[in-house]
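Starting from 1, each residue takes its place in the sequence as its number.
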Amino acid sequence: MLTIPWDVVSGWGVPRIQPFGTQKAVGVGPPNEALLFVILSPVGPYYPNGFKPVSLYGTTEYVRAVPGGTGAYKLGVNYAPGILPQKEAAELGYAQNLWLHGPEHYLTEVGTMNLFVVFKKADGSYELVTPPLDGMILPGVTRDSVLSLARQHSSSSSVIPDLPSKVTVSERPVTMAEVKEASKNGTLVEMFGAGTAAVISPVDRIGYLGEDVHIPTGEDGMGPISRPIWKELVGRQTGGYQERLECRGLMSLGSMA
């Protein structure tokens, strides 16, 4: 077993395991042989600005995935379609694409990350929302970890420090119309992406149909839901919260996204 010193990445990071397949042929069809490469290395901030909030371009002219396609699988083919749209988003001043689907402009993913939105309900409680696994959404381990942590906290089976006590976790469709309206009426609390390299990446604005939809952020860029979840998640990954675990492999965090 290889022990990676965390200080080589400025005091934090996560080891990333990425498989690659190759075949000694050029053509369309299943390979008749393959060689698997596994690269293990710590990673730093996914975006150049680290954990500072990022801006998203609500992408309606391109799609990352479609129903019946391969969007729910970890395949290189799911990354290639995003290269040109991401370049165009950068030229418009946005860090990444927010992939929207259908005429309703359903939110699906952020770049190559899963997406979370937090709304404030009429009774003062919070709703943590992520799009459902409908065949277009990648079932990321970090996504599952965030959901598991929030649900355990909500049920009081494993309380997370500083996380509000009343949090409802929902896997449901969410549209840009809902996000835009919540931004206007003050019920939009925060939005963030979740993935292996970025872990948690807060969002501060979305360019959508010619205007910016602004997302609240805290002084450190995070919000009241993402901040404590990020601390708990990274603490478990690095061993900082080991004394609070019944076992090191609790839920899916033991395999780290």
Give a yes or no answer on whether the side chain of Asp144 reaches the backbone of Pro139 with a donor-acceptor pair at less than 3.5 Å.
-> no
Is Arg172 salt-bridged to Glu178, cutoff N-O under 4.0 Å?
-> yes
Using only heavy-atom distances, determine whether the side chains of Thr130 and Glu171 contain a donor-acceptor pair under 3.5 Å.
-> no
In this structure, CD of Glu61 is separated from CG of Leu100 (nearest 0.5 Å) by 9.5 Å
Check: Thr217 main-chain N/O paired with Glu190 side-chain donor or acceptor under 3.5 Å = no
Report yes or no: do Asp212 and Tyr94 form a side-chain donor-acceptor pair below 3.5 Å?
-> yes
Please check if the side chain of His153 supplies one atom and the backbone of Pro164 the other of a donor-acceptor pair under 3.5 Å.
-> yes
Ignoring hydrogens and angles, tell me if any N or O in the side chain of Asn78 forms a donor-acceptor pair with the backbone of Thr70 under 3.5 Å.
-> yes
Is any side-chain heavy atom of Val118 closer than 4.5 Å to a side-chain heavy atom of Val129?
-> no
Decide yes or no for Asp204 and Val54: does some side-chain heavy atom of the first lie under 4.5 Å from some side-chain heavy atom of the second?
-> no
Could you tell me whether the side chain of Ser155 and the main chain of Arg151 form a donor-acceptor pair under 3.5 Å?
-> yes
Hey, are the side chains of Thr175 and His105 touching, using non-hydrogen atoms and a 4.5 Å cut-off?
-> no
Is any side-chain heavy atom of Leu133 less than 4.5 Å from a side-chain heavy atom of Arg143?
-> yes
Kindly say whether Pro81 contributes a backbone atom to a donor-acceptor pair with the side chain of Arg64 at under 3.5 angstrom?
-> no
Between Pro224 and Leu163, which heavy-atom pair has the shortest distance, and what is it?
-> O-CD1, 3.9 Å
Shortest non-hydrogen pair, Ala65 vs Gly71, comes out as CB-CA, 3.6 Å
Side chains of Ser55 and Ile206 in contact at under 4.5 Å (non-hydrogen atoms) | no
Contact summary for Ser158 and Arg236, nearest pair of heavy atoms = OG-NH2, 3.3 Å
Value for CG (Leu56) from CD (Gln96), rounded to nearest 0.5 Å, stands at 7.5 Å
Check side-chain hydrogen bond (donor to acceptor under 3.5 Å, both in side chains) between Lys120 and all other residues, then give those that pass, not counting sequence neighbours.
-> none
How would you list, by chain and number, every residue that makes a side-chain contact (heavy atoms from CB on, under 4.5 Å) with Asn97, sequence neighbours excluded?
-> Tyr57, Thr59, Pro85, Gln86, Ala89, Trp99
Only residue of Leu107, Leu147, Val110, Val174 satisfying side-chain contact (heavy atoms from CB on, under 4.5 Å) with Phe116 is Leu147
Using a strict cut-off of less than 4.0 Å between a Lys/Arg side-chain nitrogen and an Asp/Glu carboxylate oxygen, indicate whether Glu211 and Lys184 qualify as a salt bridge.
-> no
Please tell me if the side chains of Tyr126 and Thr168 come closer than 4.5 Å, counting only heavy atoms from C-beta onward.
-> no
Which heavy atom in His101 sits nearest to a heavy atom in Thr108, and how many Å separate them?
-> CB-CG2, 3.8 Å
Side chain of Ser226, backbone of Met222: donor and acceptor closer than 3.5 Å?
-> no
Minimum side-chain heavy-atom gap Met191-Pro202 below 4.5 Å | no
How close do Val189 and Phe119 get, heavy atom to heavy atom, and via which atoms?
-> CG2-C, 3.8 Å
Determine, for Asp220 against Arg227, whether the closest basic-nitrogen to carboxylate-oxygen distance falls under 4.0 angstrom.
-> yes
Leu138 backbone acceptor or donor facing Glu109 side chain under 3.5 Å | yes
May I ask you to test the Asn114-Ile137 pair for a side-chain heavy-atom distance under 4.5 Å?
-> yes
Sub-3.5 Å donor-acceptor pair from the side chain of Ser157 to the main-chain atoms of Gln152, do we have one?
-> yes
To the nearest 0.5 Å, atom CZ of Phe192 lies from atom CG of Leu115 at 8.5 Å
Can we say Glu127 and Lys166 salt-bridge, meaning some charged N sits less than 4.0 Å from an Asp/Glu carboxylate O?
-> no
